[in-house]
Amino acid sequence: MFNKLLQKEIQNYLQTEQVSLELPKNFSFGDLATPAPLNFAKAFKMPPLKLAENIKTHLDDKLSDFCQTEIAAPGFLNFRFKPLAFAQILQALNIQNLISQTTEPKSLLIEYVSANPTGDLHLGHGRGAVVGSTLANILKATGREVKTEFYINDAGEQIQKLGRSAWNLYKNLNTNNTEDYPPELIKPYLNDLDENLSFEELTPIIKDRILKAQKQVLEKLKVEFDAWVSEKTDLHETGLLEQALEELKQKNLTYQKDNALWLKSSELGDERDRVLIKSDNNRPTYLAGDLAYHLSKFNRADELLDIFGADHKGQEISLKVALKALGKNIDNFSILFIQFVSLVEQGQEVKMSKRTGSVITVEEVLEKVGSDAFRFMLLMSHINNRLAFDIDLAKRTDEQNPVFYVQYAHARACSILRNALNPAPDETTALFNSEELQIALNSIPAFLPALDASLPEKEIASTKELILKLLFFDQEVQTASNKLNPSGLAHYLIDLATCFHSFYNTPCKVILPEQKPLSLARLCLVHAFKRILQTGLGLLAVSAPERM
RNA sequence: GCGCUUGUAGCUCAGUGGAUAGAGCAACCGCCUUCUAAGCGGUCGGUCACAGGUUCGAGUCCUGUCAAGCGCGCCA
């Protein structure tokens with residue numbers, strides 16, 4: 001695409017790969033801009049404006065058919081594209097791959113959600129699920145070999161507690177045990193049980209029912225996993241946990257004290273030593289299982305990514321130092337911690353707690369706002385920021401919600417394409433058939449009528465702005481992929497929708513039976529917009545409706 | 001106490017060391033004979049928590065202060 005060519009020419013001149021092209025703050029400056037002369041003035045030992053002059057001379061020599069270059073103080077280069085450059089860009093956006101692939105594909109294993117099978121998913125899990133699945137989509141799209149896993153913590157203390165709580169309710173025992181899970185959390189899972197189950201039989205049944213309910217909610221959220229890994233059956237019963245502990249012992253990284261097995265983690269950089277096997281019941285701690293699990297993950301992938309709630313921050317250091325001591329390259333292992341989601345209802349913050357009955361579940365919010373709005377709104381803010389989810393705003397699925405704004409733009413584009421390719425009710429033939437459109441999409445000159453100098457200036461401006469915005473799609477996806485942060489992409493799609501609505505209202509009317517070349521040219525632009533918006537929404541797993 | 005994260009418009013949030021700090025919501029004013037008004041255009045709104053420092057240039061990087069959230073279990 002022309003912008004890549006331009007970027008490459010500047011990079012060639014400066015002998016670097018570090019040149020970025022950006023949209024200028026103000027379109028009166030030009031179509032694209034770069035501060036490269038400011039950045040490289042020192043390296044070239046000349047004033048920024050002088051360097052800018054030299055680059056301009058180089059570019060004028062090479063690319064004057066496509067764009068003109070202007071110099072602006074204190075050292076910006078602004079580029080003004082000729083119609084041919086816009087047409088070339090648009091043609092590429094209509095027929096080429098939209099997302100660049102990484103040159104070295106690596107396998108990446110993403111673990112996310114991994115909620116305990118002891119209750120319903122809350123909003124924090126929901127945020128992790130949405131961010132994790134979106135990142136998986138984005139990383140796949142940029143060429144990583146992605147596998148996703150959900151780790152089921154079904155072998156620890158919490159499961160025992162779940163079993164006891166369920167047993168008390170099942171047998172109608174009034175224990176008033178404050179340690180128990182709240183009855184309202186367990187009760188929905190006690191229906192239609194055999195009457196004579198033993199304690200040992202009851203626990204796994206309840207656990208499986210809860211897990212199944214979690215899976216169903218995740219499906220509604222469009223969240224899927226390649227594998228569900230059970231701590232009990234995949235780590236304990238296979239001997240993987242045993243192997244991991246043996247490996248630590250052989251490397252002299254453990255010791256016995258107070259009847260417990262300890263990891264010498266303080267020697268490795270942790271703030272204190274950690275227990276691996278508990279003294280009272282001889283059972284492994286969470287750390288022991290987690291360590292074994294991550295060792296097995298390292299055998300299955302080049303890189304690991306975990307996405308957890310901020311309340312799991314405590315486990316990072318111990319896990320990483322132990323993995324490092326066992327020879328794993330922890331530079332290939334990232335953990336993202338997702339800040340909490342609070343819920344605001346009628347201007348009041350609704351307190352939620354993971355282990356009380358007043359927990360706000362993903363399911364109940366989904367019922368009110370739907371998967372599209374839920375996903376989009378949770379994706380909009382950076383994971384490091386606490387997020388206040390305004391349920392009243394999200395419930396108003398009529399007009400305020402940003403996701404409808406973006407989807408509406410898609411539906412509008414579809415409507416235009418439909419109207420152009422199908423006969424109007426009072427006509428027998430359509431303005432165009434799909435072959436004509438296909439030929440136009442493959443041709444650069446076909447788009448030139450949309451930038452014809454005889455058109456009103458406003459129409460040309462909004463046409464250009466839309467193309468330029470489309471041009472940045474790939475860059476936005478790459479940034480999201482590299483920074484492991486999908487929020488920019490959501491904001492980009494809103495901006496893109498704004499450009500399209502603005503184009504529509506300029507008005508750049510597309511269907512003009514008396515001006516077929518102009519209609520066809522604009523149809524190419526609508527086609528590219530629809531293609532990119534659909535791809536972008538697809539990465540977020542938000543639907544792109546053809547009609548609304 | 002120590003560690004991590006955060007502090008930007010009335011609210012919810014964007015913002016690769018670059019040009020006059022942005023969007024949505026809320027408030028106000030306009031625009032449907034015209035491909036979907038779930039839309040568009042405009043007005044109002046800011047000491048980027050505070051104080052230093054680095055730099056040609058800081059909302060962005062560094063240090064300190066203040067404030068908020070989370071973490072620092074033989075819970076998971």
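Every heavy atom of this structure was used, including side-chain atoms; hydrogens, water molecules and symmetry mates were not. Proteins get letters first, then strands, A, B, ... in listed order; numbering begins at 1 in each. Keep in mind that what you see is a predicted model, and the values were worked out from it rather than measured.
Nucleic acid contact for D258(A): base, since at least one base atom lies under 4.0 Å from a heavy atom of the residue. Looking at heavy-atom distances under 4.0 Å, N39(A) makes contact with a base. Using a 4.0 Å heavy-atom distance criterion, C508(A) is classed as a base contact. Using a 4.0 Å heavy-atom criterion, one finds that F337(A) contacts no nucleic acid atom at all. Using a 4.0 Å heavy-atom cutoff across all strands shown, Q18(A) reaches no nucleic acid atom at all. As judged by a 4.0 angstrom heavy-atom cut-off over every strand, Q407(A) is placed among residues making no nucleic acid contact. Looking at heavy-atom distances under 4.0 Å, S381(A) makes contact with sugar-phosphate atoms alone, never a base. Looking at heavy-atom distances under 4.0 Å, A411(A) makes contact with a base. Using a 4.0 Å heavy-atom criterion, one finds that N26(A) contacts the bases of the nucleic acid, with or without backbone contacts as well. In this structure, D270(A) reaches neither bases nor backbone, as no heavy-atom distance under 4.0 Å exists between it and the strands shown. R272(A) comes within 4.0 angstrom of the backbone, heavy atoms only, and of no base. Note on L387(A): only backbone sugar-phosphate atoms sit closer than 4.0 angstrom, heavy atoms only; bases stay farther off. Among the heavy atoms of the strands lying under 4.0 Å from F29(A) is at least one base atom, whether or not backbone atoms are also near. Here Q475(A) lies in heavy-atom contact (under 4.0 Å) with a base.
Residue R412(A) places its side chain closer to rU36(B) than to any other of rC40(B), rU36(B), rA76(B). When distances run from any side-chain atom of R547(A) to the nucleotides rA76(B), rC70(B), rU36(B), the shortest one goes to rU36(B). For R274(A), taking side-chain heavy atoms from C-beta onward, the closest of the listed nucleotides rC75(B), rG73(B), rA14(B) is rG73(B). Nearest to the side-chain atoms of P35(A) among the listed nucleotides rC40(B), rC74(B), rG18(B) stands rG18(B). When each of rA76(B), rU36(B), rA19(B) is scored by its nearest atom to the side-chain atoms of N419(A), the top-ranked nucleotide is rU36(B).
We find that the ring of F76(A) and the base of rA19(B) stack, their centres lying under 5.5 angstrom apart and their planes tilted less than 30°.
Comparing rA19(B) with rA58(B), their P atoms sit 11 Å apart, to the nearest whole Å. Taking atom C1' in both rC40(B) and rU34(B), the straight-line distance is 14 Å, to the nearest Å.
Judged by the 6.0 Å distance and 45° axis criteria, K161(A) is positioned over the aromatic ring of Y181(A). A cation-pi arrangement is absent between R412(A) and F500(A) under the rule of less than 6.0 angstrom and at most 45 degrees off the ring axis.
In the interface, the side chain of K509(A) is not paired with the base of rC35(B) through any donor and acceptor atom under 3.5 Å apart. For S502(A) against rC40(B), a side-chain-to-base donor-acceptor contact under 3.5 Å is absent. A donor and an acceptor atom sit less than 3.5 Å apart, one in the side chain of N78(A) and one in the base of rA19(B).
For rA49(B), the paired nucleotide is rU65(B), the pair qualifying as Watson-Crick or G-U wobble because both relevant distances are below 3.5 Å.
Relative orientation of the W262(A) and Y255(A) rings is parallel, given thresholds of 30° and 60° on the angle between their planes. The aromatic rings of Y492(A) and F473(A) lie tilted to each other, with the angle between the two planes from 30° to 60°.
A donor-acceptor pair under 3.5 Å links the side-chain atoms of Q214(A) to the main chain of N116(A), judged by distance alone. T34(A) places a side-chain N or O within 3.5 Å of a backbone atom of A36(A) that can act as its donor or acceptor partner.
Dashed line: the shortest gap from a side-chain N or O of Y408(A) to OP1 or OP2 of rC40(B) is not under 4.0 Å.
Salt bridge absent: K8(A) and E17(A) never bring a charged side-chain N and a carboxylate O closer than 4.0 Å.
In this structure, rC61(B) shows a glycosidic angle more than 90 degrees from zero, which is the anti conformation.
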